[in-house]
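Lettering follows sequence order; numbering is per chain, from 1. Heavy atoms only: backbone and side chains are in, while hydrogens, waters and symmetry mates are out.
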Protein chains: 4
Amino acid sequence: MADTATQKISPKHEIRRAQIIACAEGEFEKHGFHGAGMSAIAKACGMSVGHLYHYFSSKEELIQAVVQAELDRQACRLDELESLPPEMLASDAARKVETILMHNDNPYRTVLNFEMLAEAQRNPKIAQMLQVNDKLMRDRFCALLISAGVDEPEDRTELLLAFFSGLPARALRHPEQERQSLVDVLVPVVEKIFGEPFRKTET
Amino acid sequence: MADTATQKISPKHEIRRAQIIACAEGEFEKHGFHGAGMSAIAKACGMSVGHLYHYFSSKEELIQAVVQAELDRQACRLDELESLPPEMLASDAARKVETILMHNDNPYRTVLNFEMLAEAQRNPKIAQMLQVNDKLMRDRFCALLISAGVDEPEDRTELLLAFFSGLPARALRHPEQERQSLVDVLVPVVEKIFGEPFRKTET
Amino acid sequence: MADTATQKISPKHEIRRAQIIACAEGEFEKHGFHGAGMSAIAKACGMSVGHLYHYFSSKEELIQAVVQAELDRQACRLDELESLPPEMLASDAARKVETILMHNDNPYRTVLNFEMLAEAQRNPKIAQMLQVNDKLMRDRFCALLISAGVDEPEDRTELLLAFFSGLPARALRHPEQERQSLVDVLVPVVEKIFGEPFRKTET
Amino acid sequence: MADTATQKISPKHEIRRAQIIACAEGEFEKHGFHGAGMSAIAKACGMSVGHLYHYFSSKEELIQAVVQAELDRQACRLDELESLPPEMLASDAARKVETILMHNDNPYRTVLNFEMLAEAQRNPKIAQMLQVNDKLMRDRFCALLISAGVDEPEDRTELLLAFFSGLPARALRHPEQERQSLVDVLVPVVEKIFGEPFRKTET
DNA sequence: CATGAATGAGGCTTCATTCAT
DNA sequence: CATGAATGAAGCCTCATTCAT
């Protein structure tokens, strides 16, 4: 009755859905996936509860849509890097990191982030979505590294992602940490990961 | 170790509390802080709901106790490092990482981990607990680095913590990643963070 | 008549609310404000518990609505007196007292009455409602006395109200008291309060 | 197992009971008969819950004891009047009213008062206690009036009791009423009830 | 005489979801 | 396309009472 995938491709419908996703995201950020109620979300959309169910047949589906939207946004961050000439990758990536961290009020989007990770541990559908998205991003990033002539791209990718996955948790556990100081530490690491042989000796 | 108030120090009471915390942790891991019900927790403890409230006056308080227990466990991991002779720190730390990752079924304890981080975003008490604990661990770790004669201990600490905070998220998003391969990547990073100047040029 | 907030003025909604108030009143009379359960009230309304909360957001609010309804009914008793020509006030008031006491099964509505007074001692909102209503009734009654040319209207009002406030308690503590006998005693008192100088010497 | 009447007449036991009644009264005044919990009462007594049940086999029984204690106190107020010479009754009663109202912080003891009346409506045992006590007091008061040579003692008694039963409700609904002004009104009324023919024409 | 651990039914309230209009 | 009335299970928590120690 309500296909997650084969939704009608009416433009109005899609626009409405996007608006709802945006509102729901706000509620989820404020109260968590389990703390936010469907009626509160409906109210935030200026919409009746019943009508909400015309667009999303269950809360589960709405959560998935919100998660997917966030994953898409995360993937978009690679677009810029892909448009760079390969030889400038290392330097520009580091600069980009600096820009994001210094000129962004909420650089890590921690709220939805942890909500998603927590949910993924109990909800296989969400877990799969994260994993599929991660594979896409890894592949794209690996391709970037390869085009830049960097060796061992998988390992470097994994390393970089581990790093950036850790930053949101650090922001929560150590919020008074100065951004500038963090940037000073991160930039050389990024450059190293992008450009320099990081394993001295192989077994 | 962490009394919310001046709890009576009856030994039986404390033992019971610890048992409840253990059971509750299991339920929270299975269903999340908000998904696990007090009655299910009581059942898991072999106890009536009402009686649960003789030990924890609210779900909130029980969650805090579980969180504190996990934080204490995390802090304990530093104990071993502190018992090492300073000059062996770098090498032993790397070896310890390897041991943990390779010989442990659930090395990251991701479940409670993310549940805590997600909760910390809406629950100031939990957030504070994480931050207080983080400060403690940072200070202890810095002291280790200083005793080992390493410069810029704060930055190195932050870097290392970012790294290890990222691993759980990586495990969720990229579960098929081979542990051995990950270890191969991590060990040199750890060594570098422990021992080597990581900033080539200072401004 | 007494909106807690700016309730929507949907007629259906208001009718339903009134029905619920009536049913709740019945339950409160039978079991008291604290003895009556929301689920029993819902059942008495032929309604699910959850739905009750679409009309009253808490038991507290429902209690307030029931109290206000009773207070409004009490105030209505003045309507008739106000429609009388001033010179007939004394005689008609006494006759009215007789009518109420003799031709009414439950002339004092003691049940809700004492429930309200008991509740007012712990619930400031209820206390305030009683006091506001009392002021309104006193003012209206004073105006009546003034229009009838009676002196010292405030004191007479207070006296009369003390009297009639005492009757419900008497009915409870002395239920076998004959009504007719009581009326014989009351009528001259009422007449005296309405018409005759009751203080022999004024300062 | 636990006789309400034939309790052991051990002096210690009785003293303890009296202490508990005093503490329970405090709790009942603060939270009402239904709002006060047995464990809170036990705590107020510095006693364990279980032990409380050695003195009162149920909450119901405790409530009854508290009610009886209050009724006994009310009856005691007649003692003084009974010790007066009959001819001074009218004047002294009025003066006594004045003394009570002007030199007493809580002259009406409204809290327990209304709690009792509300409870009496649903609890036949309590109702009976009030009624038995009321009969005793009426009889004693009638005897006083008769000894003072006053006619129609029953009616006068009922009238006076109605008056004084109304004052607590007035105190709740019109708390800002000045005491002095009230006394000025009451004193002549009391005198009239005690001493003067109040019905102009008898049938 | 005294404790407090233990029970489990019942309290108020919220929730995702459905359906008649 | 849109509403909001309606459901009832489940949520957290409190209570009077009992019983082993």
Inset, instruction - Please figure out whether A:S58 or D:M47 has its closest DNA chain E nucleotide nearer the 5' end. - result: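 Whichever sits nearer the 5' end wins; that is D:M47.
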
Residue [X], side-chain atoms from C-beta onward, closest of [options]:
{"X": "C:H54", "options": "F:dA5, E:dA5, E:dA2", "value": "F:dA5"}
{"X": "A:H51", "options": "F:dC12, F:dT7, F:dT3", "value": "F:dT3"}
{"X": "D:H13", "options": "E:dC1, F:dC12, F:dT18", "value": "E:dC1"}
{"X": "A:S48", "options": "F:dG4, E:dT13, E:dG8", "value": "F:dG4"}
{"X": "C:V49", "options": "F:dT14, E:dA16, E:dT13", "value": "E:dT13"}

Inset, instruction - Please work out which residues in residues 20-43 of chain A have a non-hydrogen atom less than 4.0 Å from an atom of DNA chain E and list them by number. - result: A:A36, A:G37, A:M38

Give the rounded distance in Å between these two atoms: [atom1] of [X] and [atom2] of [N].
{"X": "D:L62", "N": "F:dC15", "atom1": "CG", "atom2": "P", "result": "15 Å"}
{"X": "D:E61", "N": "F:dT17", "atom1": "CD", "atom2": "C1'", "result": "14 Å"}
{"X": "D:Y53", "N": "F:dC15", "atom1": "OH", "atom2": "P", "result": "12 Å"}
{"X": "C:K59", "N": "E:dG10", "atom1": "NZ", "atom2": "C1'", "result": "12 Å"}
{"X": "A:L52", "N": "E:dT18", "atom1": "CG", "atom2": "C1'", "result": "13 Å"}

Check the phosphate of [N] against [X], side-chain N and O only, distance under 4.0 Å to OP1 or OP2. Yes or no?
{"X": "B:Y55", "N": "E:dA6", "answer": "yes"}
{"X": "B:R16", "N": "E:dA6", "answer": "yes"}
{"X": "B:R17", "N": "E:dA5", "answer": "no"}

So, does [X] use its side chain to make a donor-acceptor pair with the main chain of [Y] at under 3.5 Å?
{"X": "A:E29", "Y": "A:L112", "answer": "no"}
{"X": "D:K59", "Y": "D:A36", "answer": "yes"}
{"X": "A:E119", "Y": "A:F33", "answer": "no"}
{"X": "B:Q131", "Y": "A:L172", "answer": "yes"}
{"X": "B:R16", "Y": "B:Y55", "answer": "no"}

Legend entry - Sequence-distant partners of B:E115, salt bridge (Lys or Arg N to Asp or Glu O under 4.0 Å), two or more places apart: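 In terms of salt bridge (Lys or Arg N to Asp or Glu O under 4.0 Å), with neighbours along the sequence ignored, B:E115 is linked to A:R122.
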
Legend entry - side-chain hydrogen bond (donor to acceptor under 3.5 Å, both in side chains) involving B:R73 - partner list, sequence neighbours excluded: B:E25, B:E70

Inset, instruction - Only counting residues at least two apart or in another chain, list the ones meeting side-chain hydrogen bond (donor to acceptor under 3.5 Å, both in side chains) with B:E60. - result: B:Q64, B:N123

Legend entry - Set of residues satisfying side-chain contact (heavy atoms from CB on, under 4.5 Å) with respect to B:A42, sequence neighbours excluded: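 By the side-chain contact (heavy atoms from CB on, under 4.5 Å) rule, B:A42 matches B:L52.
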
Inset, instruction - Return one dot-bracket line describing DNA chain F 5' to 3' (Watson-Crick or G-U wobble pairs, both distances under 3.5 Å; ( ) same strand, [ ] crossing, | another strand, . none). - result: .||||||||||||||||||||

